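Single-structure report; data block below.
Numbers restart at 1 for each chain; the letters A, B, ... are given by sequence-line order, proteins then strands. The figures that follow rest on heavy atoms only: side chains count, while hydrogens, waters and symmetry mates do not. Every value quoted in this text rests on a predicted model; they were computed, and no experiment measured them.
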Amino acid sequence: MSAQQSGHQGHSTMKVTLHVWRQKDARDPGRMVGYPNVECSPDMSFLEMLDVLNERLMEKGEEPIAFDSDCREGICGACSLTVNGIPHGPRKGTTVCQLHMRSFEDGAELFIEPWRAKAFPVLRDLVVDRSAFDRIIEAGGFVSVRAGGCPDGNAIPVPKEEADQAMDAAACIGCGACVAACPNAAAMLFVGAKISHLRHLPQGQAEQKRRAQAMVDQMDSEGFGNCSNYLECEAVCPKEISVKVIAEMNRDYLSASLTREEQKNDGGGAG
Amino acid sequence: MSADGPLLDGRCPTGPIETRWERCKAELKLVNPANKRKYKVLVVGTGLAGASAAATLAELGYQVHAFCFQDSPRRAHSIAAQGGINAAKNYQNDGDSVWRLFHDTIKGGDFRARESNVHRLAECSRNIIDQCVAQGVPFAREYGGLLDNRSFGGSQVSRTFYARGQTGQQLLIGAYQALARQIGLRRVKMSPRTEMLDVVVVNGVARGIVVRDLVSGKVETHAGDAVVLATGGYGNVFFLSTNAKGCNVTATWRAHKKGAFFANPCYTQIHPTCIPVSGDHQSKLTLMSESLRNDGRIWVPKTKGDARGPDQIPEDERDYYLERRYPSYGNLAPRDIASRSAKYACDEGRGVGPGGLGVYLDFSDAIKRLSEPVIRERYGNLFEMYERITGENPYRVPMRIYPAVHYTMGGLWVDYHLMSNLPGLFVLGEANFSDHGANRLGASALMQGLADGYFVIPYTLGHFFASTKQEKVTTDHPEFKKALADTNAYVARLLAVNGKRTVDSFHKELGKLLWDKVGMARDRAGLQETLKRIPELREEFWKNVFVPGSGEALNQSLEKAGRVADFLEFAELLAADALEREESCGGHFRTEYQTADGEAVRNDEKFCYVAAWEWKGDGKPAALHQEALNYEFVHLATRSYK
Amino acid sequence: MSWVCRLYRSSLGAKYVMASTGVLLLGFLIAHLLGNLQMFAGADAVNSYAESLRALGPLLWVARIGLLVIAGVHIVTALRLAKANEAARPVAYVKQASRQVKPQTKTMVLSGLVILGYVVYHLAHFTWGFVLHDYSTLVDTEGRHDVYSMVVYGFQCWWVSASYLVALALLALHLCHGITSAFQTFGLNHAKYATAIKLTGPAIATLLFLGYASIPVACWLGIVQILEGT
């Protein structure tokens with residue numbers, strides 16, 4: 001048989017003990033629930049281990065643990081678990097969907113919690129609402145162009161170094177690990193990354209100041225914390241985005257605050 | 001089987017190919033700017049096609065309400081595309097042109113795509129790059145500051161634009177930002193974590209949708225003047241694919257059940273270089289860039305069941321089967337050939353790794369020839385990704401790869417205007433069938449999604465509004481009430497089964513069945529067996545599935561259950577289409593139709609058409625409608641990569 | 001001036017305030033250290049320096065009030081930020097961990113408040129004369145306030161010196177983080193200078209610590225002592 005799925009079960013197995021945050025809905029206060037001796041294979045991804053646990057729970061007629069995931073290859077930014085206090089778990093530069101059980105010892109005890117921040121309310125179990133990030137982008141995280149009528153792609157040369165810096169920042173997957181890791185639950189790395197991405201390209205520079213002001217103001221109104229330069233965001237970012245982007249945001253916001261005259265219809269993008 | 005009813009009319013313009021789109025645009029009716037805001041468009045799906053369409057339509061002044069099941073439009077699966085986006089810019093001065101891109105795409109699609117559509121796609125490709133650059137997409141640049149290109153399979157020019165290995169992500173962020181801007185301006189209302197469960201048809205026109213709020217569980221209806229589906233492909237019918245976990249056929253399938261024809265479902269693309277399955281727990285497959293085949297050599301042991309490690313197998317006991325069978329292309333043979341050859345090697349029992357489902361992709365010669373740092377420079381991040389997933393170091397041990405379902409060329413049938421046979425229902429991107437024929441070339445999916453959204457739908461939708469007179473409907477209309485009640489009943493039915501098996505166990509069983517019989521190589525007996533087996537599995541599903549929890553809350557099992565229920569119906573159509581198409585072409589390979597040395601044999605005389613299927617009701621076979629494919633500009637020829 | 005209020009109320013504005021007041025306070029620390037180091041130049045130098053400061057008259061008060069306002073704004077803003085930061089995470093992690101949070105960063109508010117307490121004590125001790133002795137009666141041979149003797153007497157008490165050193169250490173930790181952060185806050189970050197900027201905080205903090213600590217140490221070692229006849 002040529003079954004793709006008939007690959008035999010991994011050669012070795014291991015057991016882990018889980019403590020998972022369970023919360024019925026946004027109003028429920030929630031609590032940690034223990035799941036001792038969960039069997040898994042070192043070849044499983046962390047989320048596959050949870051899949052297997054969920055199958056077991058359902059076979060017993062229990063409700064599975066809800067968690068967000070989609071692409072499971074580290075690019076969509078949906079997965080959002082804090083493992084033993086570290087967003088996305090112990091492996092540097094790796095989303096939790098790409099984390100494999102071989103990163104843990106047999107018999108390990110793992111605490112799995114949702115992103116915790118006022119701006120990211122828990123919807124259920126490990127699922128949080130990150131729409132605050134979308135609202136920050138809606139406030140100004142774009143270049144105001146319409147489809148059609150754009151100049152030729154090569155009309156404005158962009159130095160490679162600048163394009164590379166823009167790309168470094170644009171690699172952000174919007175997962176929110178920076179907020180989850182920051183002792184202040186600040187969103188500086190996320191907002192800084194977007195501002196940095198667009199400020200390094202000539203196309204984004206026309207709105208550089210307005211963008212910084214609009215995005216930071218929206219960030220503040222969402223209830224994120226402030227930057228204390230812990231640098232924890234940079235340390236957990238699965239795309240390893242540098243806090244340099246925060247400095248760039250600080251620079252843009254300062255210069256915007258000191259030099260830019262506010263426009264009447266500052267709220268939205270230029271029609 | 002012969003077609004039911006007259007040939008379908010794709011509303012393609014006539015005349016010289018390079019003037020067709022211009023002429024079409026000139027003849028399209030327009031909506032007065034002041035009137036645009038009176039029209040409401042419902043856009044489902046916010047990947048490249050959906051986000052670009054929603055943003056562009058809102059820029060024009062239409063009221064737009066967009067929906068996606070993800071928690072943010074930025075997470076749609078377009079984000080995972082790695083390689084790049086094609087455009088006939090000819091920045092490299094290497095002889096590229098719109099004509100050549102058109103020609104390559106028609107040939108790559110194995111002569112099963114519409115010429116008019118593909119030419120339009122090639123024309124729009126140039127505007128896409130300009131548009132994306134203006135939006136701030138950080139494409140790779142040369143030191144002089146101009147855009148860089150790379151070459152990609154299936155073409156002899158360098159026309160692929162890229163942003164490191166994250167082109168899909170960057171293009172999606174561009175489209176998402178354009179959409180976000182319109183949301184900020186209150187011209188688009190965005191409903192994330194909302195899944196479409198039905199289309200509402202009033203007087204034969206698609207006028208609304210039924211959605212379920214995935215957080216509160218509330219089922220609601222929305223009325224509009226047109227419905228745009230941009231909900232991606234159905235690769236997850238195989239359970240394991242490179243698609244995101246959430247990708248599903250539900251939106252297009254429910255539209256199909258409301259009258260939209262489903263075209264060419266049997267065209268599924270299988271990507272040769274994915275990381276093999278490691279066990280039963282496997283939840284999805286990860287694609288590795290095809291560029292690896294530039295320096296890696298693919299081999300399996302010559303003898304069956306050789307259990308030695310790769311370093312123990314001497315050179316003369318290795319079979320570099322692609323180099324042996326396709327000496328001129330070698331390891332760079334096209335995707336379908338490379339995939340099928342791997343399958344054959346494993347079927348013969350010569351596969352490697354767990355379960356014998358893998359072949360080696362060996363870099364040791366390249367490392368010897370070029371040195372490890374050079375290989376690291378070229379493929380460092382891919383090697384790292386491989387190591388992260390498998391725990392093996394590919395600098396020391398050959399990689400193991402195996403094919404996986406990657407993209408689906410089939411989809412809802414649309415005409416040249418991207419409107420389905422159900423008036424008012426437009427279908428964009430991977431969700432439609434239109435531009436890739438039987439096989440998609442690399443770096444073309446992003447191109448199609450954005451062309452549809454930025455540059456086609458804004459014109460053709462206006463024409464639809466301007467040329468059809470419609471009365472206003474609201475969600476108080478009886479059809480809406482009925483659709484709402486039906487959907488609520490459907491959700492309740494899923495929850496009420498209360499059986500013993502989990503949703504995933506059904507999905508895995510269905511996937512395995514399809515992969516075995518309707519995967520890389522198909523035959524009559526296998527397809528017939530599958531067609532018998534699927535209804536049985538479906539029946540068991542409705543008797544024995546267990547969906548825990550309630551409908552009035554965030555319930556991921558319930559979401560999955562609805563999707564799997566639809567896959568269980570859709571799979572039957574996929575197999576039926578594969579059975580009906582008695583030829584091998586592109587992503588559809590029938591073992592009965594091959595040459596003595598295993599090459600695909602197309603049958604242009606009998607099958608040079610689009611197979612568009614009409615839903616006839618539960619338990620009844622779908623009716624086939626045909627759209628003739630005429631090749632006036634690129635002459636029918638056999639692909640050969642020997 | 002509504003934009004000033006808007007700026008101050010914003011998260012980044014508060015950081016600019018923290019950084020700029022911090023830099024001004026650092027300026028004071030440096031000036032104060034330069035004054036103190038005149039201890040090594042002998043009683044006459046210190047006492048005449050102190051006298052010249054007093055001679056500034058109203059200007060001295062301007063400087064004092066300015067300093068007080070700067071310190072006040074620094075502290076009030078810090079507390080405001082701390083409160084907002086606490087509110088940003090209403091539910092704490094059950095399992096707490098971090099990859100690179102450093103103790104000096106985590107304790108900025110605490111070290112700041114301890115330093116504040118110490119400064120009050122320091123003023124009470126040397127300026128207001130509430131602690132131990134009233135030094136205001138010390139007068140040198142030229143009839144000037146004898147700051148030199150005051151310092152030497154002060155540091156002769158072991159716990160005065162010890163608490164001084166402890167406070168200095170906290171101040172140094174506070175500055176390690178604060179100075180480097182100020183660069184970041186003003187957007188002064190560049191790959192080429194990243195290492196230099198990272199080291200600036202610890203370097204200045206160390207220099208200040210050594211400079212300030214040298215005086216009590218010199219008093220103990222007798223390098224600085226009360227000379228006969230003063």
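- With hydrogens and angles ignored, the 3.5 Å screen pairs a side-chain donor or acceptor of C:R99 with a backbone N or O of A:A235.
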Review point. Can you check side chain to side chain contact (heavy atoms under 4.5 Å, CB included) on C:S11 and A:M219, steps first, answer last?
Key: CA-CA 9 Å; C:S11 58; A:M219 170 180 81; 3.6 Å; yes

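- Contact tally against chain C (heavy-atom pairs below 4.5 Å) for A:E113, A:R251, A:K118: the top residue is A:E113.
- For chain A, the nearby part of C:Y16 is the side chain; its heavy atoms alone come within less than 4.5 Å.
- Between atom CG of residue A:N250 and atom CZ of residue C:F183 there is a gap of 14.0 Å, rounded to the nearest 0.5 Å.
- Of the listed residues (A:S228, A:P87, A:S255, A:G225), the one with the most heavy-atom contacts under 4.5 Å to chain C is A:S228.
- Within 6.0 Å of the NZ atom in A:K209, the count of heavy atoms belonging to other residues, nucleotides or ligands exceeds 12.
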Practice item. Give the intermediate values and the outcome of side chain to side chain contact (heavy atoms under 4.5 Å, CB included) for residues C:R6 and A:Q213. Key: CA-CA 11 Å; C:R6 183 177 151 185; A:Q213 265 183 327; 3.9 Å; yes

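- Contact annotation for residues 80-93 of chain C against chain A (heavy-atom separation below 4.5 Å, listed by residue number): C:L81, C:A84, C:N85, C:A87, C:A88, C:R89, C:P90, C:V91, C:A92, C:Y93.
- By the 6.0 Å contact criterion, CD on A:E105 is open, its count of non-hydrogen atoms from other residues, nucleotides or ligands being 12 or less.
- For the set A:C182, A:A181, A:A119, the entry with the most heavy-atom pairs within less than 4.5 Å of chain C is A:C182.
- Along residues 187-209 of chain C, the residues that come nearer than 4.5 angstrom to chain A, judged on non-hydrogen atoms, are C:G187, C:N189 in order of number.
- With contacts defined as side-chain heavy-atom distances shorter than 4.5 Å, the pair C:H177/A:N229 qualifies.
- A:P29 does not touch chain C: none of its heavy atoms, backbone or side chain, sits under 4.5 Å away.
- For chain C, the option among A:A186, A:S221, A:P90 with the highest count of heavy-atom pairs below 4.5 Å is A:P90.
- Within the 3.5 Å criterion, the main-chain N or O of A:C227 finds a donor-acceptor partner in the side chain of C:K15.
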Check your understanding: When you look at C:L12 and A:M249, which way does the side chain to side chain contact (heavy atoms under 4.5 Å, CB included) test go after all the steps?
Key -> CA-CA 9 Å; C:L12 298 195; A:M249 167 179 68; 4.0 Å; yes

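- For A:V236, the parts lying under 4.5 angstrom from a heavy atom of chain C are both the backbone and the side chain.
- In this structure, the portion of A:E234 lying under 4.5 Å from any heavy atom of chain C is its side chain and not its backbone.
- Counting heavy-atom pairs closer than 4.5 Å to chain A, the top-ranked of the candidates C:M18, C:K106, C:M108 is C:K106.
- Looking at A:V122, there are no atoms closer than 4.5 Å to chain C (heavy atoms on both sides), in backbone or side chain.
- Contact of C:K102 with chain A is not made at all, since no heavy-atom distance falls under 4.5 Å.
- The pair A:D220-C:R9 does not meet the salt-bridge criterion, since no charged nitrogen lies less than 4.0 angstrom from a carboxylate oxygen.
- Only the side chain of A:F111 comes within contact range of chain C, with heavy atoms under 4.5 Å apart.
- For chain C, the option among A:L254, A:D217, A:I246 with the highest count of heavy-atom pairs below 4.5 Å is A:L254.
- Of the possible polar contacts, one joining the A:E232 side chain to the C:Q100 backbone as a donor-acceptor pair under 3.5 Å is found.
- Other residues, nucleotides and ligands contribute over 12 non-hydrogen atoms within 6.0 Å of the CZ atom of C:R64.
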